[in-house]
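Heads up: the structure comes next, in structure tokens.
First the proteins, then the strands, lettered A, B, ... as listed; each starts at 1.
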Amino acid sequence: MSFIQTDIAGDYQIVRRAIELISENWRDQPELEELALAVGKSPSQLQKIFTRWAGLSPKAFLQAVTLDHARRLLAEPIPILEASYELGLSGPGRLHDLFVTHEAMSPGVYKARGEGLTLNYGFHDCPFGQALVMATDRGLAGVAFCDPGGERSALEDMKTRWPRARFVEDKASTANYAARSFDPARWRADDPLRVVMIGTDFEIRVWEGLLRIPVGKATSYSRIAETIGVANAPRAVGRAVARNPLSFVVPCHRVVGKSGALTGYHWGLTRKRAMLGWEAGVIAA
DNA sequence: ATGACATTCTTGT
DNA sequence: ACAAGAATGTCAT
């Protein structure tokens, strides 16, 4: 049943290496052949793996994560404020803010550092390595990432966010969230994913702003600041974006520097590139 | 390209 | 209270 999922998860390790090489050596435009050699595959193998994973050829992908591309996304008239505009263009189900419904935890729960909260968690294969998925009975509460072997530290990372909460490994209860989060075919407005946001008031305002960035688009930290009415606090916005506990589902990877440069990502810049490129494939499909 | 600094918010002391 | 730091942005070299 999860054959495709598993394959794509396995592909990521190869693809990740290729993306790393591309981003280290983009100046000399590495040929497919060189990349293949470096990751220990034949050119045609790499081509196939890459395309299966991203829905894009390595070349198209390279263009998608290029500085120019992010710039172009930024230059487009801001669709962020006009959800219905986008809806008409790309059809229903494509918008993140429509396939996710969110509720904010009471500030009390946040202040109590998760006291009294039970978080079920599990590790699941996904197109970006291993995803650590956490959920309460109210909905999806956390998504983190790691590569094989990094499970422990990813879990620690998440635990420090809600130090007083109870953590229970329960893969069965998180599997469905994992499957839905990474399968574009299941991003449906008529059956939205239920998420709970646990954070300060300011953080939640920022995260709600993130939910309004459509798939395959990007915005800048300063634009988010403007959108939520704190035009001169782009730096504070950056901090809040960085602390987003619901990686990918709340699309913090779609925020880049004003110049279009990918400035940072808690789970690794390579993963941010991968996500943006992968989404370009989703759009193209 | 590089560096200083302005500015907002959160957190640890 | 206060100081330090953060996934920024801008301006001066």
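For C:dA7, the OP1/OP2 oxygens have no side-chain nitrogen or oxygen of A:Lys272 closer than 4.0 Å. Look at A:Arg243 and you'll find a side-chain N or O under 4.0 angstrom from OP1 or OP2 of B:dT11. A close approach under 4.0 Å does not occur between any side-chain nitrogen or oxygen of A:Asn232 and OP1 or OP2 of B:dT7. Between A:Ser222 and C:dT8 there is no side-chain N or O to OP1 or OP2 distance below 4.0 Å.
Position along DNA chain B of the nearest nucleotide to A:Thr200 versus A:Arg235 favours A:Arg235 as the more 5'-ward residue.
Rounded to whole Å, atom P of C:dT8 lies 6 Å from atom OH of A:Tyr221. Rounded to a whole Å, the CZ atom of A:Phe202 is 16 Å from the P atom of B:dT7. For A:Arg239 and B:dA6, the CZ to C1' distance is 18 Å, given to the nearest whole Å. As rounded to whole Å, 11 Å separates atom P of B:dT11 from atom CG of A:Asp201. Going from atom CZ of A:Arg205 over to atom C1' of B:dT8 covers 11 Å, rounded to whole Å. The CZ-P distance, from A:Arg161 to B:dG12, rounds to 13 Å in whole Å. Taking atom CD1 on A:Ile224 and atom C1' on C:dA6, their separation rounds to 16 Å, with Å as the unit. Per the geometry, OH belonging to A:Tyr265 stands 19 Å off P belonging to C:dA6, to the nearest Å.
Shown are A:Tyr265, A:Phe182, A:Tyr177, A:Trp267; of these, the ring-ring contact (aromatic ring centres under 6.0 Å, His included) with A:Phe248 is made only by A:Phe182.
Nucleic acid contact for A:Ala233: sugar-phosphate only, since backbone atoms but no base atoms lie under 4.0 Å from a heavy atom of the residue.
Ring-centre distance between A:Trp278 and A:Phe128: below the 6.0 Å cut-off.
With hydrogens and angles disregarded, no donor-acceptor distance shorter than 3.5 Å links the side chain of A:Glu226 to the backbone of A:Arg223.
Pairing of B:dG3, defined by two Watson-Crick or G-U wobble distances under 3.5 Å, is identified with C:dC11.
Geometrically, A:Lys159 engages A:Phe167 in a cation-pi contact, judged by NZ or CZ lying under 6.0 Å from the ring centre and within 45° of the ring axis.
For A:Lys217 and A:Glu279, the salt-bridge test fails: no basic side-chain N is under 4.0 Å from an acidic carboxylate O.
Between B:dT11, C:dG9, B:dA6, one nucleotide has an atom nearer to the side chain of A:Pro234 than all others, and that is C:dG9.
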